[in-house]
Amino acid sequence: MSRALIVGASRGIGLEIVRQYIGAGWQVFGTHRAEADRQLLRSAGAHTLRLDVNVPEDLAGLAWQLDDEPLELVVLNAGLYGPRDSHIGQTPDEGAFNKVMQTNVLGAMRLVPILAPLLAPQRGTLAFLSSRMGSLAETNAGYGALYRISKAAVNMVTRLTHAEYGPQGVRVLALHPGWVRTDMGGPNAELGVGDSVSGLRKVIADAHACPGGGFYDYRGQVIAW
């Protein structure tokens, strides 16, 4: 049975990823912070792991909880948008900046050396949930500044991880899920969460069309870094 770990699995895109992989017959580990989230994941059929990416003790405990379990897939989905009014024309709030960058970027960086070695023996996939808003080439607006900056940094983490672990057999991807109707995306978003995740799963499954080191949207289209 193939095994997947979804970090940030208790709502939205992360929870739908859990549900779809379980539905496809995978054994899925999902991380949570709150007890209610743990119960929700268990009801979906997931093995639950306690993790707050901003708590070093939780990160150390993750390796212990996994107990060197071989993995075919890891999706790093935990993240924050931050203040909705964040704009490059305004001085950023230091507390908000630190919270977004620590969760979206530092959390991912701390997880890479823990999780990538568990994927290498199976030549598994490590997927970072990024965003088109983190593309330097496609940036043409100043809104969502903190989120954009954090996702541009996540894209660099993706490239660094590919450079380090790609030669060891790990396929490393940055994925854009689309503008999705979730708590983060809002009710006016153009894409349902089920359709987004179905597309992401096709991208993850197709290593030939979407090789490691790339930045792809949920349809498999290449996004410029």
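W26 has its side chain within reach of L73: a pair of non-hydrogen atoms, C-beta onward, lies under 4.5 Å apart. For the pair T158/H162, no side-chain contact is recorded, criterion being any heavy-atom separation below 4.5 Å from C-beta on. With contacts defined as side-chain heavy-atom distances shorter than 4.5 Å, the pair V75/L5 does not qualify. Side-chain contact between L115 and L66 is present, with heavy atoms from C-beta onward closer than 4.5 Å. Within the 4.5 Å cutoff, the side chain of L136 has no heavy atoms near those of the N155 side chain. Counting heavy atoms from C-beta on, the side chains of K99 and L80 come closer than 4.5 Å. Between L111 and L62 the shortest side-chain heavy-atom distance falls below 4.5 Å.
Under the side-chain hydrogen bond (donor to acceptor under 3.5 Å, both in side chains) rule, R3 has a single partner from E72, Q122, E69, H47, which is E69. Each of N77, T182, L40 was compared with L15 under the side-chain contact (heavy atoms from CB on, under 4.5 Å) criterion, and only L40 meets it.
Remark: side-chain polar atoms of D206 are not paired, donor with acceptor, to backbone N or O of C210 under 3.5 angstrom. For W179 (side chain) and L191 (main-chain N/O), no donor-acceptor pair under 3.5 Å exists by modelled atom type. Using modelled atom types, no side-chain atom of K151 and backbone atom of L146 make a donor-acceptor pair closer than 3.5 Å. Looking at R33, its side chain never comes within 3.5 Å of a backbone N or O of D52 through a donor-acceptor pair. Panel note: side chain S130, backbone H176; no donor-acceptor pair is recorded below 3.5 Å.
Crowding of D183 atom CG: a count of heavy atoms from other residues, nucleotides or ligands under 6.0 Å not exceeding 12. Crowding of I88 atom CD1: a count of heavy atoms from other residues, nucleotides or ligands under 6.0 Å not exceeding 12.
Taking a 4.5 Å side-chain heavy-atom cut-off between Ile, Leu, Val, Met, Phe, Trp and Tyr, the cluster of Y81 extends to M133, Y143, Y147, M184. As a member of the Ile/Leu/Val/Met/Phe/Trp/Tyr network built from side-chain separations under 4.5 Å, I223 groups with F215, W225.
A cation-pi arrangement is found for R201 relative to Y21, the charged atom lying closer than 6.0 Å to the ring centre and inside a 45° cone about the ring normal.
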